[in-house]
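By convention here, the first residue in the shown sequence is residue 1.
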Amino acid sequence: MLYYLGGCMKTKTKGIWAAIGFICSIGAYYYLSLAIEWIWSDICAKHYCMKTLSLAEFLAIEAALIGVYFVVSSLDDWKHQDKFQTAKINLVKLHEIDSILLTFKNNLYNFDECYVKYYTNSLSDNEITETNSFKKYKAIKSHLKIQDKIEECDLDINTKSINLFQNDFESCISLAKKYIQEIDKEVIQINNERRVHINSRITKQEDDKKTEKEKINNMPDGFLKTLAEVSLGAARISSSEETTLYSDLIKLDINLEDFKKIIESKNNEYIKFSNSLKNIQNKVNKY
């Protein structure tokens with residue numbers, strides 16, 4: 001609405017200046033005609049001179065020039081208005097991303113209580129490539145559709161259309177991308193470190209079981225060997241050992257404190273994005 005009123009005022013101002021210029025040009029034409037007739041009358045009486053424009057011809061040319069000016073000016077105004085409307089649409093998308101990032105931060109700050117559907121690792125896996133916490137972290141990102149929203153907004157800003165304050169929009173979406181990328185980098189690094197310890201723990205238990213089995217197989221046949229085999233079978237059936245292992249693996253996994261440290265260390269990146277978004281909002285509001 002403000003932009004529309006501003007455009008109307010701008011058009012009205014142009015019209016006033018055009019009218020003033022039109023009136024002044026008539027006076028200029030009158031005095032210029034008198035000057036030509038006074039200065040060149042004797043010369044033109046003896047020599048051939050180009051005929052001066054009549055008032056009607058002068059006014060027709062001037063009206064045509066003013067018309068061309070208004071057409072070109074209107075096209076320029078339309079182009080700016082289109083950029084303004086595009087900027088408003090993409091500004092809404094940036095605010096949506098800001099809301100998603102705030103939810104994402106809150107989920108990581110309350111990682112233990114945050115519920116999302118994800119798949120845990122099986123203790124029978126020979127090697128774990130992703131810890132349970134890392135899978136949950138990816139599930140949170142997928143649930144919020146962070147990557148999809150940022151890529152969609154990035155495409156709209158950099159490829160599909162031109163915004164008013166284009167450089168500011170490009171910088172803002174780049175900061176949002178950098179914020180998520182920096183967090184991903186930290187989480188992936190911790191995941192890789194922790195999974196090494198988890199796999200070592202699982203391997204150690206498997207090796208202990210193999211050692212125990214080999215020890216029983218090397219025992220002479222008899223009551224003691226049979227008793228040891230029965231005990232080993234009962235241990236496999238019992239879930240207490242697996243529960244103990246699972247409890248140990250949880251301790252080795254990425255925890256709430258890890259996520260809090262990451263979020264706090266990358267908070268400056270989010271602040272840069274937030275300030276950039278506020279700056280764009282203020283510029284669009286003032287336009």
Note to self: Looking at every non-hydrogen atom in both residues, tell me the closest pair between Leu108 and Phe259 and how far apart they are.
What the structure shows: O-CB, 3.7 Å
Next item on the list: Report yes or no: does Gln166 contribute a side-chain atom to a donor-acceptor pair with the main-chain N or O of Ile157 at less than 3.5 Å?
Entry: yes
Next item on the list: For residues Phe273 and Cys172, report the shortest heavy-atom separation together with the two atoms involved.
Entry: CD1-O, 3.3 Å
Next item on the list: Any salt bridge (charged side-chain N to carboxylate O under 4.0 Å, His left out) involving residues 108-117? Give me the pairs, sequence neighbours left out, ordered by first then second residue.
Entry: none
Note to self: Whether the side chain of Lys136 engages the backbone of Cys114 through a donor-acceptor N/O pair (distance < 3.5 Å, no angle test) should be reported.
What the structure shows: yes
Item checked: Phe134 to Val187 - nearest heavy-atom pair and separation -> CD1-CG1, 3.6 Å
Note to self: Check whether Asp98 reaches the backbone of Leu94 with its side chain - one donor and one acceptor, N or O, closer than 3.5 Å.
What the structure shows: no
Next item on the list: Spell out, as yes or no, whether a donor-acceptor pair under 3.5 Å connects the side chain of Asn285 to the backbone of Gln281.
Entry: yes
Next item on the list: Please answer whether the main-chain N or O of Asn255 pairs with a side-chain N or O of Asp258 as donor and acceptor at a distance below 3.5 Å.
Entry: yes
Checklist line | Flag if over 12 foreign heavy atoms under 6.0 Å of NZ, Lys93 | finding: yes
Item checked: Derivation of the side-chain hydrogen bond (donor to acceptor under 3.5 Å, both in side chains) call for Asn107 and Tyr137 -> CA-CA 9 Å; Asn107 285 342; Tyr137 166 79; over 6 Å; no
Notebook entry, point to check: What are the two closest non-hydrogen atoms of Asp168 and Ile280, and how far apart are they?
Noted result: O-CD1, 3.4 Å
Margin query: I'd like to know if the side chain of Asn267 and the backbone of Ile263 have a donor-acceptor N/O pair within less than 3.5 Å.
Written below: no
Check: Is the backbone N or O of Lys138 less than 3.5 Å from a side-chain atom of Ser142, with the two atoms forming a donor-acceptor pair by type?
Finding: no
Margin query: Minimum heavy-atom separation for Tyr270 and Lys105, please, with both atom names.
Written below: CD2-NZ, 3.6 Å
